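In what follows, a single structure is set out as structure tokens and then discussed.
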Amino acid sequence: MRQRKDIEKIEETLLASQASRASQSRGRAFPEEEDPYRTIYQRDRDRILHSKAFRRLKHKTQVFIAPEGDHYRTRLTHTLEVDQIGRTMARALALNEDLVDAIALGHDVGHTPFGHAGEYVLEKILGKFSHAEQSVRVLSFMEQGSKHHDYVGLNLSWEVLDGIRNHSGGNQAATLEGRLLKFADRIAYVNHDIDDSIRAGVLKEEDLPKECTDVLGHSFSDRINRMVMAVIEASDGQDDILMTEEVWAASRKLRAFMYENVYHNALVKSENDKLLKVIEDIFHFYLKEPDRLPESHRALYIMDHAEDPLERVVADYVAGMTDDYLISTYRKLFIPRAWTEM
């Protein structure tokens with residue numbers, strides 16, 4: 001029988017010197033009794049996996065809004081692809097797979113409905129909004145753990161929250177596992193968004209810049225493999241997570257191409273523009289009528305976070321909605337009900 005202390009001893013022996021070790025974690029905001037079988041990072045992964053916010057990811061947009069077809073990515077399948085890529089690289093570099101696993105599963109739980117269109121609206125209204133920071137907020141406050149605990153949130157470890165908070169933008173995580181996750185996220189979304197764009201007819205394989213595909217490959221799997229190998233090769237034995245120069249340059253050009261031709265594509269943008277009004281209307285409705293917020297949502301803030309401004313409370317509620325729930329809420333609030341004959 002392998003217990004937690006046995007796993008921690010294995011980590012001491014097998015992980016790279018630069019890797020994070022569960023036994024050396026900075027711990028949790030609220031101290032807890034250790035689990036006999038799972039390390040702190042394994043427990044964090046399980047808490048995220050069983051959270052409501054994680055389950056809602058299956059009904060949140062990645063890029064294409066309400067796609068007709070079973071094979072387009074959602075925010076949940078994106079998360080699983082990030083997790084797989086991250087764990088592959090962590091295993092090759094002898095980093096802590098459990099820490100990468102937990103960061104990957106939690107990195108997007110704060111994402112808004114309808115992807116970055118929703119994030120843009122909340123940023124516009126609040127002046128500042130980041131899905132990475134929102135993910136930390138969801139896991140540290142919005143999600144509720146066992147009722148037997150005297151704290152709110154899931155009480156995750158410092159390293160997991162740091163990796164989630166710093167997985168996007170110009171921020172850099174403190175651990176190599178957190179830095180690796182940022183690469184895994186970019187490798188996943190650039191490649192699967194190409195795949196979905198081709199499926200949607202927005203792109204053809206031959207549209208991709210030749211100077212990129214000559215370096216990275218001419219298929220979905222080839223490009224992922226090339227990028228993953230480039231991270232492993234460049235990072236081996238280093239105190240940072242890197243990518244070989246040639247692949248990094250090609251990857252950045254390919255990402256820029258996607259922003260110009262897909263993320264800001266006129267067809268995609270026209271659909272996003274429709275959503276801006278929907279999200280804004282719902283936000284301002286609850287801002288004017290906060291008593292219409294769900295009782296459980298209001299009670300949570302009254303009890304635990306009363307100092308938050310109302311805009312922040314409403315933003316938390318709207319950001320947590322799934323795509324379908326957002327649309328059904330809009331219909332309920334603004335579209336007259338059609339009466340039928342009895």
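Just so you know, these numbers come straight off a predicted model, no measurement behind them.
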| Do L15 and I10 belong to the same hydrophobic cluster, where Ile, Leu, Val, Met, Phe, Trp and Tyr are linked whenever their side-chain heavy atoms lie under 4.5 Å apart, directly or via other members? | no

| message | Starting from W158, can I reach L156 by hopping between I/L/V/M/F/W/Y residues whose side chains sit under 4.5 Å apart? | response | no

| Of all heavy-atom pairs between L326 and I282, which one has the smallest distance, and what is that distance? | O-CD1, 3.4 Å

| message | Rounded to the nearest 0.5 Å, what separates atom CZ in F114 from atom CG in L275? | response | 5.0 Å

| request: State which residues pass salt bridge (charged side-chain N to carboxylate O under 4.0 Å, His left out) with E211; sequence neighbours excluded, sorted by chain then number. | output: none

| task | Look at R199 together with D195 and state whether they make a salt bridge at an N to O cut-off of under 4.0 Å. | result | yes

| query | Given the rule in the side-chain hydrogen bond (donor to acceptor under 3.5 Å, both in side chains) test, do N96 and S20 qualify, once you have shown the distances and angles that lead to the verdict? | reply | CA-CA 6 Å; N96 197 310; S20 300; over 6 Å; no

| query | Salt bridge check: are E12 and R21 linked by an N-O gap of less than 4.0 Å? | reply | yes

| Does R91 CZ have over 12 foreign heavy atoms under 6.0 Å away? | yes

| request: Return the set of residues passing side chain to side chain donor-acceptor pair (under 3.5 Å) with N225 (not counting sequence neighbours), or none when no residue passes. | output: none

| Backbone N/O of G320 and side chain of R56: donor-acceptor pair under 3.5 Å | yes

| request: Go through the steps to decide whether E159 and T175 satisfy the test side-chain hydrogen bond (donor to acceptor under 3.5 Å, both in side chains), and finish with yes or no. | output: CA-CA 7 Å; E159 292 80 10; T175 64; over 6 Å; no

| What's the shortest heavy-atom distance between L105 and F54, and which atoms? | O-CD1, 3.5 Å

| query | side-chain contact (heavy atoms from CB on, under 4.5 Å) between H59 and T74: does it pass, once the steps are laid out? | reply | CA-CA 7 Å; H59 296 302; T74 64; over 6 Å; no

| message | Please give me the minimum heavy-atom distance between R312 and F129, naming the atom from each residue. | response | NH2-CE1, 3.8 Å

Would you be so kind as to tabulate the donor-acceptor pairs closer than 3.5 Å made by side chains of residues 238-253, with sequence neighbours excluded?
residue	atom	partner	partner atom	Å
D240	OD1	R179	NH1	3.1
S251	OG	V247	O	2.7

| Approximate separation, where rounding is to 0.5 Å, of Y325 OH and K332 NZ | 5.0 Å

| said: With clusters defined by side-chain heavy atoms of hydrophobic residues (ILVMFWY) lying less than 4.5 Å apart, directly or transitively, does I40 cluster with L14? | reply: no

| field | Residue list, salt bridge (charged side-chain N to carboxylate O under 4.0 Å, His left out) with D324, at least two apart or on another chain | value | none

| field | D44 (side chain) donor-acceptor with V160 (main chain) under 3.5 angstrom | value | no

| query | Parallel, tilted or perpendicular for H131 and H111, by the 30°/60° rule? | reply | parallel

| side-chain contact (heavy atoms from CB on, under 4.5 Å) assessment of T39 paired with D98 | CA-CA 9 Å; T39 69; D98 293 327; 4.3 Å; yes

| said: Check this for me, if you would: do R165 and E133 make a salt bridge, where the nitrogen-to-carboxylate-oxygen distance has to be below 4.0 angstrom? | reply: yes

| field | Minimal non-hydrogen separation, I164 against L139, with atom names | value | CD1-CD1, 3.6 Å

| field | NZ/NE/NH1/NH2 to OD/OE distance under 4.0 Å, K277 and D281 | value | yes

| request: Without swapping roles, check the side chain of N261 against the backbone of F257 for a donor-acceptor pair under 3.5 Å. | output: yes

| message | Hydrophobic cluster membership, with links at side-chain heavy-atom distances under 4.5 Å among I/L/V/M/F/W/Y: are V82 and M229 in one? | response | no

| request: Would you sort out whether M258 and S197 count as a side-chain contact (heavy atoms from CB on, under 4.5 Å), showing the intermediate values? | output: CA-CA 9 Å; M258 289 297 291; S197 298; 4.0 Å; yes

| request: Drop me the distance from T329's OG1 to M321's CE, to the nearest 0.5 angstrom. | output: 4.0 Å

| Who pairs with Y37 by side chain to side chain donor-acceptor pair (under 3.5 Å), at least two apart in sequence or on another chain? | none

| query | Once you round to the nearest 0.5 Å, how far does CZ of R75 lie from CG of D108? | reply | 4.5 Å

| field | Those residues that, when tested against D101, pass salt bridge (charged side-chain N to carboxylate O under 4.0 Å, His left out) (two or more places apart) | value | R45, R87

| task | For the pair R47 and E32, find out whether any cationic side-chain nitrogen is under 4.0 Å from an anionic carboxylate oxygen. | result | yes

| note | Shortest non-hydrogen pair, S51 vs I48, comes out as OG-O, 2.7 Å

| R223 with E205: basic N within carboxylate O range, under 4.0 Å | yes

| said: Once rounded to the nearest 0.5 Å, what's the spacing between atom CG of L180 and atom CG of D185? | reply: 11.5 Å

| message | If hydrophobic clusters are built from ILVMFWY residues whose side chains come within less than 4.5 Å, do I7 and L99 share one? | response | no

| note | Rounded to the nearest 0.5 Å, the CD atom of E8 sits from the CD atom of Q24 at a distance of 9.5 Å

| task | Quick one: closest heavy-atom pair of T79 and A104, and the distance? | result | CG2-O, 3.4 Å

| said: Closer than 4.0 angstrom, basic N to acidic O: yes or no for K124 and E280? | reply: yes

| field | Enclosure of Y120 OH (heavy-atom neighbours >12, cutoff 6.0 Å) | value | no

| Is the charged tip of R73 near the ring of F220: under 6.0 Å from the six-membered ring centre and within 45° of its axis? | yes

| request: Check step by step if side-chain hydrogen bond (donor to acceptor under 3.5 Å, both in side chains) holds for D162 and N166. | output: CA-CA 6 Å; D162 174 74; N166 295 298; 3.0 Å; yes

